[in-house]
J.: 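My structure is below; once you've seen it, I'll send some questions.
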2 protein chains.
Amino acid sequence: MHTPPALKPALDALAQAMDSRFDRLLAVPEDPRRRLYEAMRHATMDGGKRMRPLLTVAACDLFRVEKDRSLRVALAIECVHCYSLVHDDMPCMDDDDVRRGKPTVHKAFDEATAVLAGDALQTLAFEILADEATHDDPNIRIQLIQELAKAAGPAGMVGGQAMDLAAETTTFDLPTTTRLQQLKTGALLAFCIEAGAIMGKATPEQRTRLRGYAHDLGLAFQIADDLLDVEGSSARTGKAVAKDMAAGKATFVSLLGVERARQQADFLIDQAINHLASFGAEADLLRAIARFAIERDH
Amino acid sequence: MHTPPALKPALDALAQAMDSRFDRLLAVPEDPRRRLYEAMRHATMDGGKRMRPLLTVAACDLFRVEKDRSLRVALAIECVHCYSLVHDDMPCMDDDDVRRGKPTVHKAFDEATAVLAGDALQTLAFEILADEATHDDPNIRIQLIQELAKAAGPAGMVGGQAMDLAAETTTFDLPTTTRLQQLKTGALLAFCIEAGAIMGKATPEQRTRLRGYAHDLGLAFQIADDLLDVEGSSARTGKAVAKDMAAGKATFVSLLGVERARQQADFLIDQAINHLASFGAEADLLRAIARFAIERDH
(Lines give C-alpha, C1' and ligand atoms only; values in the text may rest on other atoms or scores of the structure.)
Protein backbone atom coordinates (compact mmCIF):
# COMPACT_ATOMS: atom_id res chain seq x y z
CA MET A 1 0.00 0.00 0.00
CA HIS A 2 1.33 3.43 -0.96
CA THR A 3 1.33 5.86 1.97
CA PRO A 4 2.72 9.41 1.79
CA PRO A 5 5.93 9.51 3.86
CA ALA A 6 4.63 12.02 6.41
CA LEU A 7 1.76 9.74 7.31
CA LYS A 8 3.49 6.39 7.73
CA PRO A 9 5.18 7.01 11.12
CA ALA A 10 2.03 8.64 12.49
CA LEU A 11 -0.06 5.67 11.39
CA ASP A 12 2.38 3.12 12.82
CA ALA A 13 2.67 4.85 16.18
CA LEU A 14 -1.09 5.20 16.37
CA ALA A 15 -1.75 1.56 15.48
CA GLN A 16 0.51 0.54 18.34
CA ALA A 17 -1.05 3.00 20.78
CA MET A 18 -4.57 1.81 19.94
CA ASP A 19 -3.69 -1.86 20.27
CA SER A 20 -2.04 -1.37 23.64
CA ARG A 21 -5.05 0.62 24.87
CA PHE A 22 -7.53 -1.99 23.66
CA ASP A 23 -5.36 -4.63 25.31
CA ARG A 24 -5.72 -2.87 28.67
CA LEU A 25 -9.39 -1.94 28.20
CA LEU A 26 -10.37 -5.47 27.26
CA ALA A 27 -8.40 -7.58 29.73
CA VAL A 28 -10.06 -11.01 29.59
CA PRO A 29 -11.78 -11.90 32.88
CA GLU A 30 -11.45 -15.39 34.35
CA ASP A 31 -15.16 -16.11 34.28
CA PRO A 32 -17.83 -17.17 31.77
CA ARG A 33 -17.64 -13.75 30.06
CA ARG A 34 -14.26 -14.79 28.65
CA ARG A 35 -15.65 -15.48 25.15
CA LEU A 36 -17.36 -12.06 25.01
CA TYR A 37 -14.12 -10.26 25.81
CA GLU A 38 -12.15 -12.39 23.34
CA ALA A 39 -14.67 -11.47 20.65
CA MET A 40 -14.34 -7.77 21.55
CA ARG A 41 -10.55 -8.05 21.28
CA HIS A 42 -10.89 -9.82 17.93
CA ALA A 43 -13.12 -6.98 16.72
CA THR A 44 -10.85 -4.16 17.82
CA MET A 45 -7.21 -5.24 17.98
CA ASP A 46 -4.77 -5.45 15.07
CA GLY A 47 -7.40 -3.49 13.23
CA GLY A 48 -7.34 -1.79 9.85
CA LYS A 49 -5.98 1.61 8.98
CA ARG A 50 -7.16 3.33 12.17
CA MET A 51 -8.31 6.19 9.97
CA ARG A 52 -10.78 7.52 12.54
CA PRO A 53 -8.30 7.53 15.44
CA LEU A 54 -5.80 9.25 13.14
CA LEU A 55 -8.29 11.97 12.21
CA THR A 56 -9.24 12.41 15.86
CA VAL A 57 -5.68 12.74 17.07
CA ALA A 58 -4.76 15.03 14.15
CA ALA A 59 -7.72 17.31 14.94
CA CYS A 60 -6.85 17.33 18.65
CA ASP A 61 -3.21 18.12 17.78
CA LEU A 62 -4.34 21.36 16.10
CA PHE A 63 -5.28 22.55 19.56
CA ARG A 64 -2.38 20.90 21.38
CA VAL A 65 -4.68 18.56 23.33
CA GLU A 66 -2.73 16.24 25.65
CA LYS A 67 -1.98 13.01 23.76
CA ASP A 68 -3.34 10.74 26.49
CA ARG A 69 -6.70 12.50 26.24
CA SER A 70 -6.92 12.59 22.46
CA LEU A 71 -6.14 8.85 22.39
CA ARG A 72 -9.03 8.20 24.78
CA VAL A 73 -11.41 9.99 22.44
CA ALA A 74 -9.93 8.07 19.50
CA LEU A 75 -10.44 4.81 21.40
CA ALA A 76 -14.12 5.60 22.02
CA ILE A 77 -14.70 6.40 18.35
CA GLU A 78 -12.92 3.23 17.25
CA CYS A 79 -15.17 1.23 19.63
CA VAL A 80 -18.20 2.60 17.76
CA HIS A 81 -16.63 1.98 14.35
CA CYS A 82 -15.67 -1.60 15.24
CA TYR A 83 -19.08 -2.36 16.77
CA SER A 84 -20.73 -1.23 13.53
CA LEU A 85 -18.45 -3.51 11.49
CA VAL A 86 -19.18 -6.53 13.70
CA HIS A 87 -22.93 -6.09 13.30
CA ASP A 88 -22.66 -5.13 9.61
CA ASP A 89 -20.72 -8.32 8.80
CA MET A 90 -23.41 -10.59 10.24
CA PRO A 91 -25.29 -13.01 7.94
CA CYS A 92 -28.52 -11.00 8.24
CA MET A 93 -26.67 -7.83 7.14
CA ASP A 94 -23.74 -7.88 4.68
CA ASP A 95 -22.87 -11.53 5.36
CA ASP A 96 -19.09 -11.14 5.20
CA ASP A 97 -16.79 -13.96 6.29
CA VAL A 98 -13.53 -12.01 6.13
CA ARG A 99 -12.55 -8.57 7.44
CA ARG A 100 -9.00 -7.18 7.40
CA GLY A 101 -7.78 -10.61 6.34
CA LYS A 102 -9.21 -12.28 9.45
CA PRO A 103 -12.47 -14.20 9.91
CA THR A 104 -15.27 -11.87 10.96
CA VAL A 105 -16.42 -12.06 14.60
CA HIS A 106 -19.47 -14.23 13.94
CA LYS A 107 -17.23 -16.64 11.97
CA ALA A 108 -14.42 -16.76 14.53
CA PHE A 109 -16.93 -17.01 17.40
CA ASP A 110 -20.68 -17.26 16.74
CA GLU A 111 -23.55 -14.95 15.83
CA ALA A 112 -24.87 -14.51 19.36
CA THR A 113 -21.42 -13.51 20.60
CA ALA A 114 -21.08 -11.10 17.66
CA VAL A 115 -24.34 -9.38 18.62
CA LEU A 116 -23.21 -9.03 22.24
CA ALA A 117 -19.64 -7.98 21.42
CA GLY A 118 -20.98 -5.20 19.19
CA ASP A 119 -23.46 -4.11 21.84
CA ALA A 120 -20.78 -4.03 24.53
CA LEU A 121 -18.37 -2.03 22.36
CA GLN A 122 -20.99 0.64 21.83
CA THR A 123 -21.56 0.90 25.58
CA LEU A 124 -17.82 1.13 26.24
CA ALA A 125 -17.51 4.08 23.86
CA PHE A 126 -19.80 6.18 26.03
CA GLU A 127 -18.18 4.91 29.22
CA ILE A 128 -14.75 6.03 27.98
CA LEU A 129 -15.99 9.51 27.05
CA ALA A 130 -17.84 9.95 30.37
CA ASP A 131 -14.70 9.20 32.41
CA GLU A 132 -12.94 12.23 33.87
CA ALA A 133 -9.63 10.99 32.46
CA THR A 134 -10.97 12.17 29.07
CA HIS A 135 -11.29 15.80 30.25
CA ASP A 136 -11.55 17.65 33.59
CA ASP A 137 -14.49 19.69 32.38
CA PRO A 138 -17.75 17.70 32.50
CA ASN A 139 -19.24 20.07 29.91
CA ILE A 140 -16.63 18.94 27.40
CA ARG A 141 -17.37 15.29 28.12
CA ILE A 142 -21.12 15.90 27.79
CA GLN A 143 -20.59 17.62 24.43
CA LEU A 144 -18.51 14.68 23.19
CA ILE A 145 -21.24 12.24 24.27
CA GLN A 146 -24.02 14.29 22.68
CA GLU A 147 -22.19 14.63 19.38
CA LEU A 148 -21.10 10.98 19.31
CA ALA A 149 -24.68 9.86 19.99
CA LYS A 150 -25.92 12.02 17.10
CA ALA A 151 -23.19 10.75 14.77
CA ALA A 152 -23.71 7.08 15.68
CA GLY A 153 -27.48 6.86 16.14
CA PRO A 154 -30.55 6.86 13.88
CA ALA A 155 -29.78 10.42 12.72
CA GLY A 156 -26.26 9.27 11.79
CA MET A 157 -24.44 5.99 11.21
CA VAL A 158 -27.26 3.58 12.07
CA GLY A 159 -29.67 5.69 10.01
CA GLY A 160 -27.27 5.33 7.08
CA GLN A 161 -27.09 1.56 7.58
CA ALA A 162 -30.91 1.48 7.54
CA MET A 163 -30.89 3.41 4.27
CA ASP A 164 -28.38 0.90 2.94
CA LEU A 165 -30.85 -1.91 3.68
CA ALA A 166 -33.57 0.02 1.86
CA ALA A 167 -31.20 0.48 -1.09
CA GLU A 168 -31.21 -3.27 -1.66
CA THR A 169 -34.81 -3.10 -2.87
CA THR A 170 -34.99 0.44 -4.31
CA THR A 171 -32.59 2.33 -6.56
CA PHE A 172 -31.58 5.66 -5.02
CA ASP A 173 -30.77 8.79 -7.00
CA LEU A 174 -27.51 10.68 -6.44
CA PRO A 175 -28.78 13.07 -3.71
CA THR A 176 -30.20 10.12 -1.75
CA THR A 177 -26.99 8.12 -2.22
CA THR A 178 -24.99 11.11 -1.03
CA ARG A 179 -27.17 11.42 2.04
CA LEU A 180 -26.87 7.67 2.71
CA GLN A 181 -23.08 7.92 2.67
CA GLN A 182 -23.06 11.10 4.74
CA LEU A 183 -25.01 9.28 7.44
CA LYS A 184 -23.39 5.87 7.17
CA THR A 185 -19.72 6.89 7.14
CA GLY A 186 -19.61 10.70 6.95
CA ALA A 187 -21.24 11.36 10.31
CA LEU A 188 -18.70 9.40 12.37
CA LEU A 189 -15.74 10.71 10.32
CA ALA A 190 -17.05 14.24 10.88
CA PHE A 191 -17.31 13.54 14.59
CA CYS A 192 -13.60 12.66 14.71
CA ILE A 193 -12.82 16.22 13.61
CA GLU A 194 -15.58 17.76 15.73
CA ALA A 195 -14.18 15.92 18.75
CA GLY A 196 -10.88 17.74 18.23
CA ALA A 197 -12.73 21.05 18.08
CA ILE A 198 -14.65 20.20 21.28
CA MET A 199 -11.54 19.03 23.17
CA GLY A 200 -9.62 22.10 21.97
CA LYS A 201 -12.46 24.55 22.66
CA ALA A 202 -12.22 25.81 19.08
CA THR A 203 -13.71 29.18 18.10
CA PRO A 204 -16.94 29.11 16.05
CA GLU A 205 -14.95 30.16 12.98
CA GLN A 206 -12.46 27.33 13.46
CA ARG A 207 -15.35 24.90 13.89
CA THR A 208 -16.96 25.99 10.64
CA ARG A 209 -13.72 25.45 8.74
CA LEU A 210 -13.10 22.06 10.31
CA ARG A 211 -16.66 21.01 9.52
CA GLY A 212 -16.09 21.95 5.88
CA TYR A 213 -12.93 19.84 5.85
CA ALA A 214 -14.71 16.88 7.47
CA HIS A 215 -17.68 17.07 5.12
CA ASP A 216 -15.58 17.05 1.94
CA LEU A 217 -13.17 14.44 3.27
CA GLY A 218 -16.02 12.12 4.25
CA LEU A 219 -17.54 12.14 0.78
CA ALA A 220 -14.16 11.74 -0.93
CA PHE A 221 -13.35 8.85 1.39
CA GLN A 222 -16.56 7.08 0.44
CA ILE A 223 -15.99 7.58 -3.29
CA ALA A 224 -12.49 6.17 -2.86
CA ASP A 225 -14.04 3.15 -1.10
CA ASP A 226 -16.47 2.66 -3.97
CA LEU A 227 -13.57 2.84 -6.44
CA LEU A 228 -11.66 0.23 -4.44
CA ASP A 229 -14.76 -1.95 -4.46
CA VAL A 230 -14.71 -1.92 -8.26
CA GLU A 231 -10.97 -1.86 -8.93
CA GLY A 232 -9.34 -3.44 -5.88
CA SER A 233 -8.48 -7.08 -5.48
CA SER A 234 -9.68 -9.17 -2.57
CA ALA A 235 -6.09 -9.60 -1.40
CA ARG A 236 -5.51 -5.86 -1.22
CA THR A 237 -8.81 -4.73 0.31
CA GLY A 238 -9.39 -7.87 2.40
CA LYS A 239 -12.98 -8.15 1.25
CA ALA A 240 -14.75 -9.65 -1.74
CA VAL A 241 -14.45 -7.42 -4.81
CA ALA A 242 -17.35 -5.49 -6.31
CA LYS A 243 -19.58 -6.94 -3.62
CA ASP A 244 -21.54 -3.73 -3.18
CA MET A 245 -22.00 -3.41 -6.93
CA ALA A 246 -23.13 -7.03 -7.17
CA ALA A 247 -25.65 -6.46 -4.36
CA GLY A 248 -27.17 -3.71 -6.52
CA LYS A 249 -26.36 -1.06 -3.93
CA ALA A 250 -26.25 2.56 -5.00
CA THR A 251 -22.65 3.80 -5.14
CA PHE A 252 -21.11 6.93 -6.59
CA VAL A 253 -19.25 4.79 -9.07
CA SER A 254 -22.36 3.01 -10.33
CA LEU A 255 -24.08 6.36 -10.74
CA LEU A 256 -21.20 8.47 -12.10
CA GLY A 257 -18.86 5.96 -13.68
CA VAL A 258 -15.22 5.41 -12.63
CA GLU A 259 -13.71 8.47 -14.33
CA ARG A 260 -16.15 11.08 -13.07
CA ALA A 261 -16.18 9.53 -9.60
CA ARG A 262 -12.39 9.85 -9.42
CA GLN A 263 -12.51 13.48 -10.58
CA GLN A 264 -15.16 14.24 -7.99
CA ALA A 265 -13.00 12.71 -5.25
CA ASP A 266 -9.98 14.77 -6.34
CA PHE A 267 -12.08 17.94 -6.37
CA LEU A 268 -13.45 17.23 -2.89
CA ILE A 269 -9.96 16.68 -1.48
CA ASP A 270 -8.69 19.99 -2.90
CA GLN A 271 -11.68 21.67 -1.35
CA ALA A 272 -11.12 19.91 1.98
CA ILE A 273 -7.50 21.10 2.07
CA ASN A 274 -8.56 24.67 1.22
CA HIS A 275 -10.68 24.77 4.38
CA LEU A 276 -7.48 24.31 6.40
CA ALA A 277 -5.66 27.36 4.96
CA SER A 278 -5.89 29.49 8.13
CA PHE A 279 -4.45 26.74 10.35
CA GLY A 280 -0.93 26.90 8.91
CA ALA A 281 1.65 24.16 9.25
CA GLU A 282 -0.04 22.60 12.27
CA ALA A 283 -2.70 21.22 9.95
CA ASP A 284 -0.14 19.34 7.81
CA LEU A 285 -1.22 15.98 9.22
CA LEU A 286 -4.87 16.68 8.35
CA ARG A 287 -3.73 17.64 4.82
CA ALA A 288 -1.71 14.45 4.47
CA ILE A 289 -4.71 12.42 5.65
CA ALA A 290 -6.90 14.04 3.01
CA ARG A 291 -4.44 13.13 0.24
CA PHE A 292 -4.05 9.62 1.63
CA ALA A 293 -7.82 9.12 1.62
CA ILE A 294 -7.95 9.10 -2.17
CA GLU A 295 -4.50 7.67 -2.87
CA ARG A 296 -5.12 4.37 -1.14
CA ASP A 297 -4.31 1.54 -3.47
CA HIS A 298 -3.99 3.39 -6.76
CA MET B 1 -53.16 -10.01 36.63
CA HIS B 2 -53.39 -9.16 40.33
CA THR B 3 -51.87 -5.76 41.12
CA PRO B 4 -51.93 -4.22 44.60
CA PRO B 5 -54.36 -1.26 44.56
CA ALA B 6 -51.70 1.39 45.27
CA LEU B 7 -49.70 0.36 42.25
CA LYS B 8 -52.35 0.15 39.53
CA PRO B 9 -52.92 3.90 38.99
CA ALA B 10 -49.18 4.58 39.09
CA LEU B 11 -48.53 1.87 36.51
CA ASP B 12 -51.32 3.05 34.21
CA ALA B 13 -50.23 6.69 34.32
CA LEU B 14 -46.65 5.68 33.71
CA ALA B 15 -47.52 3.40 30.79
CA GLN B 16 -49.29 6.32 29.16
CA ALA B 17 -46.46 8.77 29.87
CA MET B 18 -43.86 6.39 28.43
CA ASP B 19 -45.86 5.70 25.28
CA SER B 20 -46.43 9.39 24.60
CA ARG B 21 -42.72 10.11 25.12
CA PHE B 22 -41.63 7.29 22.82
CA ASP B 23 -44.17 8.56 20.28
CA ARG B 24 -42.49 11.99 20.26
CA LEU B 25 -38.92 10.65 20.46
CA LEU B 26 -39.45 8.23 17.57
CA ALA B 27 -41.44 10.33 15.10
CA VAL B 28 -41.13 8.45 11.80
CA PRO B 29 -39.13 10.41 9.19
CA GLU B 30 -40.31 10.59 5.59
CA ASP B 31 -37.17 9.00 4.15
CA PRO B 32 -35.68 5.51 3.75
CA ARG B 33 -35.07 5.30 7.50
CA ARG B 34 -38.83 4.86 7.97
CA ARG B 35 -38.60 1.10 8.60
CA LEU B 36 -35.87 1.57 11.24
CA TYR B 37 -38.01 4.02 13.20
CA GLU B 38 -41.09 1.81 12.87
CA ALA B 39 -39.09 -1.09 14.28
CA MET B 40 -37.90 1.09 17.18
CA ARG B 41 -41.52 2.08 17.89
CA HIS B 42 -42.57 -1.58 17.74
CA ALA B 43 -39.82 -2.42 20.25
CA THR B 44 -40.67 0.30 22.74
CA MET B 45 -44.34 1.34 22.55
CA ASP B 46 -47.29 -0.44 24.18
CA GLY B 47 -44.62 -2.28 26.10
CA GLY B 48 -44.83 -4.61 29.08
CA LYS B 49 -45.09 -3.72 32.74
CA ARG B 50 -42.70 -0.74 32.56
CA MET B 51 -41.16 -2.06 35.77
CA ARG B 52 -37.88 -0.21 35.23
CA PRO B 53 -39.48 3.18 34.54
CA LEU B 54 -41.68 2.65 37.60
CA LEU B 55 -38.68 1.92 39.81
CA THR B 56 -36.84 4.94 38.40
CA VAL B 57 -39.72 7.34 38.95
CA ALA B 58 -40.39 5.90 42.42
CA ALA B 59 -36.74 6.35 43.40
CA CYS B 60 -36.70 9.90 42.00
CA ASP B 61 -39.93 10.67 43.88
CA LEU B 62 -38.16 9.93 47.17
CA PHE B 63 -36.10 13.06 46.48
CA ARG B 64 -38.93 15.07 44.90
CA VAL B 65 -37.20 15.16 41.50
CA GLU B 66 -39.27 17.04 38.91
CA LYS B 67 -41.48 14.52 37.08
CA ASP B 68 -40.41 15.64 33.63
CA ARG B 69 -36.80 14.88 34.51
CA SER B 70 -37.41 11.54 36.18
CA LEU B 71 -39.45 10.46 33.14
CA ARG B 72 -36.51 11.31 30.87
CA VAL B 73 -34.23 9.07 32.92
CA ALA B 74 -36.90 6.36 32.87
CA LEU B 75 -37.14 6.70 29.08
CA ALA B 76 -33.38 6.24 28.67
CA ILE B 77 -33.38 3.13 30.86
CA GLU B 78 -36.36 1.68 28.97
CA CYS B 79 -34.46 2.27 25.69
CA VAL B 80 -31.65 0.07 27.02
CA HIS B 81 -34.06 -2.57 28.32
CA CYS B 82 -35.97 -2.71 25.01
CA TYR B 83 -32.78 -2.83 22.93
CA SER B 84 -31.61 -5.83 24.96
CA LEU B 85 -34.94 -7.60 24.38
CA VAL B 86 -34.83 -6.98 20.61
CA HIS B 87 -31.35 -8.48 20.34
CA ASP B 88 -32.08 -11.26 22.85
CA ASP B 89 -35.13 -12.41 20.86
CA MET B 90 -33.15 -12.88 17.64
CA PRO B 91 -32.78 -16.38 16.13
CA CYS B 92 -29.07 -16.54 17.04
CA MET B 93 -29.91 -15.72 20.67
CA ASP B 94 -33.15 -16.91 22.36
CA ASP B 95 -35.06 -17.28 19.07
CA ASP B 96 -38.39 -15.97 20.33
CA ASP B 97 -41.24 -15.21 17.92
CA VAL B 98 -43.55 -13.56 20.41
CA ARG B 99 -42.96 -10.87 23.05
CA ARG B 100 -45.71 -9.21 25.08
CA GLY B 101 -48.27 -10.92 22.83
CA LYS B 102 -46.85 -9.26 19.69
CA PRO B 103 -44.45 -10.65 17.09
CA THR B 104 -40.85 -9.88 18.03
CA VAL B 105 -39.06 -7.17 16.02
CA HIS B 106 -37.17 -9.56 13.74
CA LYS B 107 -40.49 -11.34 13.00
CA ALA B 108 -42.52 -8.17 12.40
CA PHE B 109 -39.67 -6.63 10.36
CA ASP B 110 -36.49 -8.60 9.60
CA GLU B 111 -33.28 -9.58 11.37
CA ALA B 112 -31.13 -6.81 9.91
CA THR B 113 -33.66 -4.18 11.01
CA ALA B 114 -33.80 -5.79 14.46
CA VAL B 115 -30.01 -5.49 14.83
CA LEU B 116 -30.10 -1.81 13.81
CA ALA B 117 -33.18 -0.94 15.88
CA GLY B 118 -31.50 -2.37 18.97
CA ASP B 119 -28.27 -0.54 18.22
CA ALA B 120 -30.08 2.76 17.71
CA LEU B 121 -32.08 2.40 20.93
CA GLN B 122 -28.89 1.97 22.90
CA THR B 123 -27.43 5.13 21.36
CA LEU B 124 -30.62 7.08 22.11
CA ALA B 125 -30.42 6.14 25.78
CA PHE B 126 -27.11 7.97 26.14
CA GLU B 127 -28.31 10.88 24.02
CA ILE B 128 -31.34 11.36 26.30
CA LEU B 129 -29.20 11.34 29.46
CA ALA B 130 -26.64 13.75 27.98
CA ASP B 131 -29.29 16.36 27.13
CA GLU B 132 -29.51 19.29 29.54
CA ALA B 133 -33.28 18.77 29.81
CA THR B 134 -32.40 15.76 32.00
CA HIS B 135 -30.59 17.93 34.58
CA ASP B 136 -28.96 21.41 34.69
CA ASP B 137 -25.85 20.05 36.34
CA PRO B 138 -23.53 18.34 33.82
CA ASN B 139 -21.94 16.38 36.67
CA ILE B 140 -25.27 14.71 37.39
CA ARG B 141 -25.69 13.81 33.71
CA ILE B 142 -22.15 12.43 33.55
CA GLN B 143 -22.78 10.30 36.64
CA LEU B 144 -25.98 8.92 35.09
CA ILE B 145 -24.10 8.06 31.88
CA GLN B 146 -21.21 6.43 33.75
CA GLU B 147 -23.49 4.29 35.88
CA LEU B 148 -25.78 3.34 32.98
CA ALA B 149 -22.74 2.30 30.91
CA LYS B 150 -21.50 0.12 33.78
CA ALA B 151 -24.94 -1.42 34.29
CA ALA B 152 -25.55 -2.09 30.59
CA GLY B 153 -22.08 -3.06 29.35
CA PRO B 154 -19.79 -6.09 29.65
CA ALA B 155 -19.53 -5.60 33.45
CA GLY B 156 -23.35 -5.57 33.63
CA MET B 157 -26.26 -6.59 31.43
CA VAL B 158 -24.33 -7.68 28.31
CA GLY B 159 -21.86 -9.56 30.53
CA GLY B 160 -24.84 -11.41 32.03
CA GLN B 161 -26.18 -12.23 28.57
CA ALA B 162 -22.75 -13.61 27.65
CA MET B 163 -22.83 -15.79 30.78
CA ASP B 164 -26.28 -16.94 29.73
CA LEU B 165 -24.84 -18.14 26.42
CA ALA B 166 -22.08 -19.99 28.27
CA ALA B 167 -24.74 -21.59 30.50
CA GLU B 168 -26.16 -23.40 27.48
CA THR B 169 -23.10 -25.63 27.34
CA THR B 170 -22.04 -25.71 31.03
CA THR B 171 -24.07 -26.18 34.19
CA PHE B 172 -23.49 -23.34 36.64
CA ASP B 173 -23.60 -23.70 40.42
CA LEU B 174 -25.78 -21.43 42.55
CA PRO B 175 -23.20 -18.66 43.16
CA THR B 176 -22.47 -18.44 39.41
CA THR B 177 -26.19 -18.47 38.59
CA THR B 178 -26.72 -15.71 41.13
CA ARG B 179 -23.95 -13.66 39.56
CA LEU B 180 -25.36 -14.29 36.06
CA GLN B 181 -28.72 -12.92 37.15
CA GLN B 182 -27.19 -10.00 39.00
CA LEU B 183 -25.44 -8.95 35.83
CA LYS B 184 -28.17 -9.82 33.32
CA THR B 185 -31.15 -8.22 35.05
CA GLY B 186 -29.98 -7.02 38.47
CA ALA B 187 -27.52 -4.41 37.21
CA LEU B 188 -30.05 -2.43 35.17
CA LEU B 189 -32.75 -2.74 37.88
CA ALA B 190 -30.20 -1.47 40.40
CA PHE B 191 -29.37 1.44 38.12
CA CYS B 192 -33.04 2.51 38.14
CA ILE B 193 -32.77 3.06 41.90
CA GLU B 194 -29.24 4.48 41.69
CA ALA B 195 -30.48 6.97 39.08
CA GLY B 196 -32.97 8.29 41.62
CA ALA B 197 -30.18 8.67 44.16
CA ILE B 198 -28.01 10.50 41.59
CA MET B 199 -30.82 12.80 40.44
CA GLY B 200 -31.78 13.50 44.07
CA LYS B 201 -28.18 13.97 45.28
CA ALA B 202 -28.76 11.37 47.99
CA THR B 203 -26.46 11.17 51.02
CA PRO B 204 -23.98 8.25 51.14
CA GLU B 205 -26.13 6.63 53.83
CA GLN B 206 -29.28 6.93 51.71
CA ARG B 207 -27.40 5.44 48.76
CA THR B 208 -26.27 2.44 50.77
CA ARG B 209 -29.84 1.72 51.85
CA LEU B 210 -31.23 2.13 48.36
CA ARG B 211 -28.52 -0.17 46.98
CA GLY B 212 -29.52 -2.81 49.52
CA TYR B 213 -33.14 -2.47 48.41
CA ALA B 214 -32.18 -2.72 44.71
CA HIS B 215 -29.94 -5.73 45.25
CA ASP B 216 -32.56 -7.78 47.08
CA LEU B 217 -35.36 -6.70 44.77
CA GLY B 218 -33.36 -7.65 41.68
CA LEU B 219 -32.74 -11.18 42.88
CA ALA B 220 -36.34 -11.65 44.04
CA PHE B 221 -37.55 -10.36 40.70
CA GLN B 222 -35.45 -12.92 38.85
CA ILE B 223 -36.64 -15.79 41.04
CA ALA B 224 -40.23 -14.69 40.39
CA ASP B 225 -39.47 -14.74 36.67
CA ASP B 226 -38.06 -18.25 36.93
CA LEU B 227 -41.19 -19.35 38.82
CA LEU B 228 -43.39 -17.83 36.11
CA ASP B 229 -41.33 -19.69 33.53
CA VAL B 230 -42.21 -22.97 35.23
CA GLU B 231 -45.75 -22.25 36.40
CA GLY B 232 -47.11 -19.60 34.08
CA SER B 233 -49.09 -20.21 30.94
CA SER B 234 -48.06 -18.84 27.57
CA ALA B 235 -51.23 -16.75 27.47
CA ARG B 236 -50.40 -15.05 30.75
CA THR B 237 -46.69 -14.42 30.31
CA GLY B 238 -46.80 -13.94 26.54
CA LYS B 239 -43.87 -16.28 25.99
CA ALA B 240 -43.44 -20.01 25.64
CA VAL B 241 -43.61 -21.83 28.98
CA ALA B 242 -40.61 -23.43 30.66
CA LYS B 243 -38.48 -22.39 27.72
CA ASP B 244 -35.48 -21.55 29.89
CA MET B 245 -35.78 -24.87 31.71
CA ALA B 246 -36.05 -26.74 28.41
CA ALA B 247 -32.95 -24.96 27.12
CA GLY B 248 -31.08 -26.39 30.13
CA LYS B 249 -30.32 -22.92 31.47
CA ALA B 250 -29.41 -22.55 35.11
CA THR B 251 -32.31 -21.03 37.05
CA PHE B 252 -32.95 -20.65 40.77
CA VAL B 253 -35.94 -22.93 40.41
CA SER B 254 -34.02 -25.73 38.72
CA LEU B 255 -31.39 -25.52 41.44
CA LEU B 256 -33.56 -24.96 44.52
CA GLY B 257 -36.94 -26.39 43.53
CA VAL B 258 -40.21 -24.42 43.41
CA GLU B 259 -40.91 -24.29 47.15
CA ARG B 260 -37.50 -23.14 48.32
CA ALA B 261 -37.21 -20.67 45.45
CA ARG B 262 -40.51 -19.09 46.47
CA GLN B 263 -39.41 -18.89 50.13
CA GLN B 264 -36.15 -17.29 49.08
CA ALA B 265 -38.01 -14.67 47.03
CA ASP B 266 -40.31 -13.87 49.98
CA PHE B 267 -37.32 -13.52 52.27
CA LEU B 268 -35.53 -11.19 49.85
CA ILE B 269 -38.58 -8.95 49.51
CA ASP B 270 -38.92 -8.60 53.30
CA GLN B 271 -35.27 -7.70 53.43
CA ALA B 272 -35.63 -5.20 50.56
CA ILE B 273 -38.50 -3.46 52.38
CA ASN B 274 -36.51 -3.33 55.61
CA HIS B 275 -33.82 -1.28 53.85
CA LEU B 276 -36.45 1.43 53.28
CA ALA B 277 -37.37 1.87 56.98
CA SER B 278 -35.73 5.28 57.39
CA PHE B 279 -37.47 6.75 54.35
CA GLY B 280 -40.95 6.78 55.92
CA ALA B 281 -44.19 7.04 53.96
CA GLU B 282 -42.50 8.54 50.90
CA ALA B 283 -41.07 5.10 50.10
CA ASP B 284 -44.52 3.48 49.98
CA LEU B 285 -44.40 3.17 46.22
CA LEU B 286 -41.02 1.38 46.37
CA ARG B 287 -42.52 -0.96 49.00
CA ALA B 288 -45.55 -1.67 46.83
CA ILE B 289 -43.25 -2.41 43.87
CA ALA B 290 -41.29 -4.89 45.95
CA ARG B 291 -44.44 -6.76 46.92
CA PHE B 292 -45.71 -6.66 43.36
CA ALA B 293 -42.45 -8.14 42.05
CA ILE B 294 -43.20 -11.51 43.66
CA GLU B 295 -46.99 -11.42 43.50
CA ARG B 296 -47.19 -11.25 39.73
CA ASP B 297 -49.46 -13.97 38.47
CA HIS B 298 -49.85 -16.11 41.57
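First the proteins, then the strands, lettered A, B, ... as listed; each starts at 1. As the structure is a prediction and not an experimental result, all values here were calculated from the model.
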J.: Calculate, to the nearest 0.5 Å, the distance between atoms CD1 and CD1 belonging to A:I145 and B:I145 respectively.
T.: 4.0 Å

J.: Pick whichever of A:P91, A:A117, A:A114, A:P154 has the most heavy-atom pairs under 4.5 Å with chain B.
T.: A:P154

J.: Using non-hydrogen atoms only, which part of B:L183 is less than 4.5 Å away from chain A: side chain, backbone, both, or neither?
T.: side chain

J.: Taking donor and acceptor roles from the modelled atom types, list the N and O pairs under 3.5 Å across chain A and chain B.
T.:
{"residue": "A:R33", "atom": "NH1", "partner": "B:P154", "partner atom": "O", "Å": "2.9"}
{"residue": "A:H87", "atom": "ND1", "partner": "B:D119", "partner atom": "OD1", "Å": "3.0"}
{"residue": "A:H87", "atom": "ND1", "partner": "B:D119", "partner atom": "OD2", "Å": "2.8"}
{"residue": "A:D119", "atom": "O", "partner": "B:Q122", "partner atom": "NE2", "Å": "3.2"}
{"residue": "A:D119", "atom": "OD1", "partner": "B:H87", "partner atom": "ND1", "Å": "3.0"}
{"residue": "A:D119", "atom": "OD2", "partner": "B:H87", "partner atom": "ND1", "Å": "2.8"}
{"residue": "A:Q122", "atom": "OE1", "partner": "B:T123", "partner atom": "N", "Å": "3.4"}
{"residue": "A:Q122", "atom": "OE1", "partner": "B:T123", "partner atom": "OG1", "Å": "2.4"}
{"residue": "A:Q122", "atom": "NE2", "partner": "B:D119", "partner atom": "O", "Å": "3.2"}
{"residue": "A:T123", "atom": "N", "partner": "B:Q122", "partner atom": "OE1", "Å": "3.4"}
{"residue": "A:T123", "atom": "OG1", "partner": "B:Q122", "partner atom": "OE1", "Å": "2.4"}
{"residue": "A:A130", "atom": "O", "partner": "B:Q146", "partner atom": "NE2", "Å": "3.2"}
{"residue": "A:Q146", "atom": "NE2", "partner": "B:A130", "partner atom": "O", "Å": "3.1"}
{"residue": "A:P154", "atom": "O", "partner": "B:R33", "partner atom": "NH1", "Å": "2.9"}

J.: Is B:M157 close to chain A through its backbone or its side chain, or both, or neither, when contacts mean heavy atoms under 4.5 Å?
T.: neither

J.: Do you know which of B:L116, B:L148, B:L36 has the most heavy-atom pairs with chain A at a distance under 4.5 angstrom?
T.: B:L116

J.: Any idea which heavy atoms bring A:A130 and B:I142 closest together, and the distance?
T.: O-CG2, 3.6 Å

J.: At a heavy-atom separation under 4.5 Å, does B:A166 approach chain A through its side chain, its backbone, both, or neither?
T.: side chain

